[in-house]
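Working notes, structure below.
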Amino acid sequence: MKAKMATSFPINDDDSAYSYSKNSQMQREILDDSKEMMRDAIIEKLDMKIMLSSSNTLRIADLGCSVGPNSLVAMQHVVQALKDKYHDNILEFQVFFNDHVTNDFNALFRSLPIDRSYYVSGVPGSFYDRLFPSRSIHFVHSSCAIHWLSKCPEELLDEKSPAWNKGMIHYIGSSNIEVLNAYVSQFEKDMEMFLNARAEEIVEGGMMVLISPFTSDSLMEFFGSSLMDLVNEGKLDESLVDSFNLPMYFPSPKT
C-alpha cells in the first residue's frame, strides 16, 4: 500500500534569513544531544558479524534528509560510530539520502564535505513507501522527520465530522478529543506503513534509529491564535484557517 501525499513542500534552500540552514538550530541540538545515545546503541547492539558476512560495504539510509546541513552532521556521527565499532580499513560506507521528490538534492550535494569517508546517493520518494530492495540496508537513521504525517486527517476538514477542527490548526490547544484521536489514527497508519517498508529493506542484524522531537505547546497555540487575530482584524478569511491543519503529530508518553 502506497502513501498518498496530495502536496509536498520543499525546504527553502537559499541563503536568505528564511532558509532551512539558518533556521534549523533546534534540529541540530536534537542531533547533538542524541549523538552519544546513538553511538552506544551501535556499539552495544549492532550485529556486525551477520551483516558483513558477504560484503565489506555498509549501506546507511538517512530518511528525511532535507537540504542539509544537519543530515550531513548526522551521517558523520553514524559513520564514526561504525568505525569505532568495527576497526577495519577495508570497510566501506554507502550513504543514501532520502526525501521527497521535490527536495533540492543538488543543494544537499553541494554541501557535502570534501573529506567525507562514504559514497553518496540520493533516493527521492516518501519514506512511508518502499525505497530500497529487500535486505539491502544495514542502518537506517531518521531525525526530526517521522512527526510529519503523510497527510492531514481528512475528518479535520469535514464540517459534519465530530473531528472538525474549526478555528484551530492542530490538535495542540484543541479541547476536542476527536481531533487528537484523528491525528493519532493517522500517525498509527503511517507508522505501520513505515515499519513494514523498513522490515523488508533492513538486513538481518541491522538497526534503525528514529529520533522524534517534542514540541512546545505554547508555540503551536501562538501560531494558531496569531492566524485568528488576523481573521478578527479582517485581514484573513476564517475559512482559510478552517481549511489549514498542520500535518504533524508528536508522539509522547502523554499522547
Side-chain angles (χ1 to χ4, degrees), residues 1-5 8 31 34 37-68 70-83 85-86 91-103 105 108-109 112 116-151 186-213 247 249 251:
M1 178 179 180
K2 282 188 173 291
K4 295 181 179 180
M5 292 197 68
S8 61
L31 277 176
S34 60
M37 186 185 345
M38 181 174 64
R39 182 184 182 280
D40 291 344
I42 291 173
I43 298 296
E44 297 172 8
K45 299 180 180 180
L46 192 60
D47 194 338
M48 304 289 280
K49 292 182 179 179
I50 295 178
M51 293 195 304
L52 297 175
S53 59
S54 59
S55 173
N56 288 320
T57 300
L58 277 173
R59 290 178 290 276
I60 305 162
D62 185 45
L63 307 183
C65 64
S66 186
V67 296
N70 291 330
S71 184
L72 304 178
V73 173
M75 290 303 94
Q76 183 57 44
H77 291 170
V78 171
V79 169
Q80 187 57 54
L82 289 169
K83 288 181 177 180
K85 168 80 172 183
Y86 192 81
L91 190 62
E92 295 184 305
F93 303 94
Q94 184 174 15
V95 173
F96 298 94
F97 291 99
N98 156 258
D99 214 306
H100 290 295
V101 295
T102 51
N103 187 60
F105 287 94
L108 174 70
F109 294 154
L112 287 169
R116 66 185 182 278
S117 56
Y118 53 84
Y119 298 97
V120 174
S121 295
V123 181
S126 169
F127 54 46
Y128 292 120
D129 295 330
R130 283 287 300 274
L131 296 167
F132 306 101
S134 298
R135 305 292 178 263
S136 62
I137 301 298
H138 299 94
F139 187 91
V140 171
H141 173 273
S142 184
S143 179
C144 299
I146 62 167
H147 63 287
W148 286 100
L149 302 174
S150 66
K151 62 178 183 179
Q186 185 63 52
F187 179 76
E188 290 176 345
K189 293 174 184 177
D190 287 347
M191 286 307 297
E192 181 178 8
M193 291 190 292
F194 180 95
L195 294 174
N196 285 340
R198 304 294 87 76
E200 294 292 329
E201 297 166 349
I202 298 176
V203 303
E204 180 183 359
M207 177 177 287
M208 179 166 62
V209 172
L210 305 178
I211 303 169
S212 179
Y249 175 76

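From a predicted model like this one, the values you see are computed outputs, not experimental measurements. Any value given below was found using the heavy atoms of this structure, including those in side chains, with hydrogens, waters and symmetry copies removed.
- Looking at every heavy atom in both residues, Leu46 comes nearest to Gly205 through CD1-O, 3.6 Å.
- Ser117 meets the side chain to side chain donor-acceptor pair (under 3.5 Å) test with Lys83; sequence neighbours excluded.
- Within the model, atoms CG of Leu72 and CG of Leu112 stand 5.5 Å from one another, a figure rounded to the nearest 0.5 Å.
- Checking side-chain atoms of Asn98 against main-chain N and O of Gly125 turns up a donor-acceptor pair under 3.5 Å.
- Although no hydrogens or angles enter the test, the distance criterion places no donor-acceptor pair under 3.5 Å between the side chain of Asp190 and the main chain of Leu149.
- With sequence neighbours left out, Asp62 forms a side chain to side chain donor-acceptor pair (under 3.5 Å) with Ser71, His141.
- Here the closest non-hydrogen pair linking Met191 and Leu210 is CE-CD1, 4.3 Å.
- Counting heavy atoms from C-beta on, the side chains of Met38 and Val78 come closer than 4.5 Å.
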Exercise answer: donor-acceptor pairs, residues 193-203 side-chain atoms, under 3.5 Å, sequence neighbours excluded:
{"unit_1": "Asn196", "atom_1": "ND2", "unit_2": "Glu192", "atom_2": "O", "d": "3.1"}
{"unit_1": "Arg198", "atom_1": "NE", "unit_2": "Glu201", "atom_2": "OE1", "d": "2.7"}
{"unit_1": "Arg198", "atom_1": "NH1", "unit_2": "Phe127", "atom_2": "O", "d": "2.7"}
{"unit_1": "Arg198", "atom_1": "NH2", "unit_2": "Asp129", "atom_2": "O", "d": "3.0"}
{"unit_1": "Arg198", "atom_1": "NH2", "unit_2": "Glu201", "atom_2": "OE1", "d": "3.1"}
{"unit_1": "Arg198", "atom_1": "NH2", "unit_2": "Glu201", "atom_2": "OE2", "d": "3.3"}
{"unit_1": "Glu201", "atom_1": "OE2", "unit_2": "Arg130", "atom_2": "NE", "d": "3.4"}
{"unit_1": "Glu201", "atom_1": "OE2", "unit_2": "Leu131", "atom_2": "N", "d": "2.6"}
{"unit_1": "Glu201", "atom_1": "OE2", "unit_2": "Phe132", "atom_2": "N", "d": "3.1"}

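- Of the inter-residue distances, the one linking Gln94 atom CD with Ser121 atom OG reads 4.5 Å to the nearest 0.5 angstrom.
- Taking each heavy atom of Phe105 and Cys65 in turn, the nearest pair found is CE2-SG, 4.0 Å.
- With a 6.0 Å radius and a threshold of 12 heavy atoms from other residues, nucleotides or ligands, Tyr119 has its OH atom at or below the threshold.
- Distance CZ/Phe139 to CE/Met75: 7.0 Å, rounded to 0.5 Å.
- The two atoms that bring Pro124 and Gly122 nearest to each other are CD-O, 3.7 Å, heavy atoms only.
- In this structure, NZ on Lys45 lies 11.5 Å from NZ on Lys85, to the nearest 0.5 angstrom.
- Here Tyr249 contributes atom OH and Gln186 contributes atom CD; the two are 12.5 Å apart, rounded to the nearest 0.5 Å.
- Taken from OG in Ser66 to CG in Leu108, the straight-line distance is 8.0 Å, to the nearest 0.5 Å.
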